[in-house]
Chemist: 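Pasting in a structure now, in C-alpha coordinates, and then I'll have a few things to ask.
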Amino acid sequence: MTTNGLDALFDGLGKTLTVPEVASLLGMTKQGIYHWLRDGVIPGYKVGATWFILRDELKETLRAGANSRPAEGENKED
(Lines give C-alpha, C1' and ligand atoms only; values in the text may rest on other atoms or scores of the structure.)
Protein backbone atom coordinates (compact mmCIF):
# COMPACT_ATOMS: atom_id res chain seq x y z
CA MET A 1 0.00 0.00 0.00
CA THR A 2 1.35 3.42 -0.89
CA THR A 3 1.31 5.95 1.91
CA ASN A 4 2.02 9.16 0.02
CA GLY A 5 2.83 10.66 -3.37
CA LEU A 6 6.53 9.88 -3.08
CA ASP A 7 5.79 6.21 -2.45
CA ALA A 8 3.42 6.22 -5.43
CA LEU A 9 6.11 7.80 -7.61
CA PHE A 10 8.55 4.98 -6.82
CA ASP A 11 5.97 2.18 -6.80
CA GLY A 12 6.84 -0.64 -9.18
CA LEU A 13 10.43 0.45 -9.83
CA GLY A 14 13.39 -1.89 -9.46
CA LYS A 15 15.85 -1.55 -6.60
CA THR A 16 18.51 -0.08 -8.90
CA LEU A 17 17.77 2.82 -11.25
CA THR A 18 19.67 4.19 -14.23
CA VAL A 19 20.22 7.85 -15.03
CA PRO A 20 17.60 7.80 -17.84
CA GLU A 21 15.05 6.23 -15.46
CA VAL A 22 15.68 8.86 -12.78
CA ALA A 23 15.53 11.66 -15.35
CA SER A 24 12.16 10.41 -16.59
CA LEU A 25 10.90 9.87 -13.05
CA LEU A 26 11.80 13.41 -11.95
CA GLY A 27 10.99 15.15 -15.26
CA MET A 28 14.58 16.21 -15.79
CA THR A 29 17.23 15.81 -18.44
CA LYS A 30 19.87 13.09 -18.16
CA GLN A 31 22.50 15.84 -18.07
CA GLY A 32 20.78 17.41 -15.06
CA ILE A 33 20.82 14.08 -13.23
CA TYR A 34 24.54 13.63 -14.03
CA HIS A 35 25.22 17.09 -12.57
CA TRP A 36 23.29 16.24 -9.41
CA LEU A 37 25.19 12.95 -9.07
CA ARG A 38 28.60 14.58 -9.56
CA ASP A 39 27.72 17.36 -7.11
CA GLY A 40 26.39 14.94 -4.51
CA VAL A 41 22.86 16.37 -4.55
CA ILE A 42 21.42 12.87 -5.01
CA PRO A 43 23.09 9.61 -3.96
CA GLY A 44 24.59 7.36 -6.59
CA TYR A 45 27.45 5.02 -7.32
CA LYS A 46 29.76 5.20 -10.31
CA VAL A 47 31.22 1.95 -11.62
CA GLY A 48 33.49 2.64 -14.57
CA ALA A 49 31.54 5.12 -16.68
CA THR A 50 28.11 3.99 -15.45
CA TRP A 51 26.11 5.52 -12.63
CA PHE A 52 23.71 3.47 -10.52
CA ILE A 53 21.11 4.97 -8.21
CA LEU A 54 19.56 2.90 -5.44
CA ARG A 55 15.80 3.48 -5.42
CA ASP A 56 15.42 3.55 -1.64
CA GLU A 57 18.36 5.93 -1.13
CA LEU A 58 16.97 8.33 -3.72
CA LYS A 59 13.49 8.14 -2.21
CA GLU A 60 14.82 8.87 1.28
CA THR A 61 16.89 11.78 -0.02
CA LEU A 62 13.82 13.27 -1.66
CA ARG A 63 11.69 12.57 1.41
CA ALA A 64 14.21 14.37 3.63
CA GLY A 65 14.24 17.35 1.30
CA ALA A 66 18.00 17.00 1.07
CA ASN A 67 18.31 18.79 -2.23
CA SER A 68 21.45 20.77 -1.60
CA ARG A 69 25.12 19.97 -1.92
CA PRO A 70 26.73 18.24 1.05
CA ALA A 71 29.08 20.28 3.21
CA GLU A 72 32.71 20.38 2.12
CA GLY A 73 34.36 17.01 2.64
CA GLU A 74 31.11 15.04 2.95
CA ASN A 75 30.89 13.91 -0.69
CA LYS A 76 31.32 10.13 -0.78
CA GLU A 77 32.78 10.32 -4.31
CA ASP A 78 35.99 11.94 -3.04
Side-chain angles (χ1 to χ4, degrees):
M1 177 177 173
T2 50
T3 57
N4 64 34
L6 192 56
D7 289 330
L9 182 67
F10 284 87
D11 191 39
L13 295 177
K15 290 183 179 184
T16 304
L17 305 172
T18 63
V19 168
E21 288 173 321
V22 174
S24 176
L25 184 72
L26 300 180
M28 294 181 60
T29 64
K30 290 186 294 184
Q31 196 61 32
I33 298 299
Y34 285 122
H35 282 290
W36 276 8
L37 287 163
R38 281 192 301 269
D39 292 345
V41 175
I42 59 173
Y45 302 90
K46 190 173 184 182
V47 178
T50 304
W51 282 95
F52 297 94
I53 300 100
L54 298 180
R55 176 198 62 209
D56 293 343
E57 287 184 4
L58 177 60
K59 183 165 54 169
E60 290 308 312
T61 297
L62 296 174
R63 180 172 280 130
N67 59 353
S68 61
R69 293 181 183 189
E72 192 68 29
E74 289 184 19
N75 189 341
K76 64 183 167 196
E77 293 298 316
D78 290 338

Chemist: Does the side chain of V19 reach to within under 4.5 Å of the side chain of Y34, using non-hydrogen atoms?
Modeler: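 When only atoms from C-beta onward are counted, Y34 and V19 do touch, with a gap below 4.5 Å.
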Chemist: Looking at K59 and D11, is any side-chain nitrogen of the basic one under 4.0 Å from a carboxylate oxygen of the acidic one?
Modeler: no
Chemist: Taking C-beta and beyond as the side chain, do I42 and H35 meet within less than 4.5 Å on heavy atoms?
Modeler: no
Chemist: Side chain of R55, backbone of L13: donor and acceptor closer than 3.5 Å?
Modeler: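 A pair under 3.5 Å: yes.
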Chemist: Apply the test side-chain hydrogen bond (donor to acceptor under 3.5 Å, both in side chains) to residues E21 and S24: give CA-CA distance (whole Å), side-chain angles for both, the deciding distance (0.1 Å), then the verdict.
Modeler: CA-CA 5 Å; E21 288 173 321; S24 176; over 6 Å; no
Chemist: Indicate yes or no: at least one non-hydrogen side-chain atom of Q31 is less than 4.5 angstrom from one of W36.
Modeler: no
Chemist: Hey, does L58 have a side-chain heavy atom less than 4.5 Å from the side chain of F10?
Modeler: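 Yes. Closest side-chain heavy atoms under 4.5 Å.
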Chemist: Could I get the full list of side-chain hydrogen bond (donor to acceptor under 3.5 Å, both in side chains) partners for T29, not counting sequence neighbours?
Modeler: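 Residues passing side-chain hydrogen bond (donor to acceptor under 3.5 Å, both in side chains) with T29: none at all.
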Chemist: Nearest 0.5 Å, what's the OG1-CG distance between T61 and L54?
Modeler: 10.0 Å
Chemist: L37 versus Y45: any side-chain heavy-atom pair under 4.5 Å?
Modeler: no
Chemist: Are the side chains of V47 and F52 in contact, using a 4.5 Å heavy-atom criterion?
Modeler: yes
Chemist: Where the side chain of N4 meets the backbone of L6, is there a donor-acceptor pair that is under 3.5 Å apart?
Modeler: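 Checked: pair present.
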Chemist: Work out which heavy atom in L9 is nearest to a heavy atom in L25; give both atom names and the distance.
Modeler: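 The pair with the smallest heavy-atom distance is O-CD1, 3.3 Å.
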Chemist: Identify, with sequence neighbours excluded, every residue that meets side-chain hydrogen bond (donor to acceptor under 3.5 Å, both in side chains) alongside K30.
Modeler: none
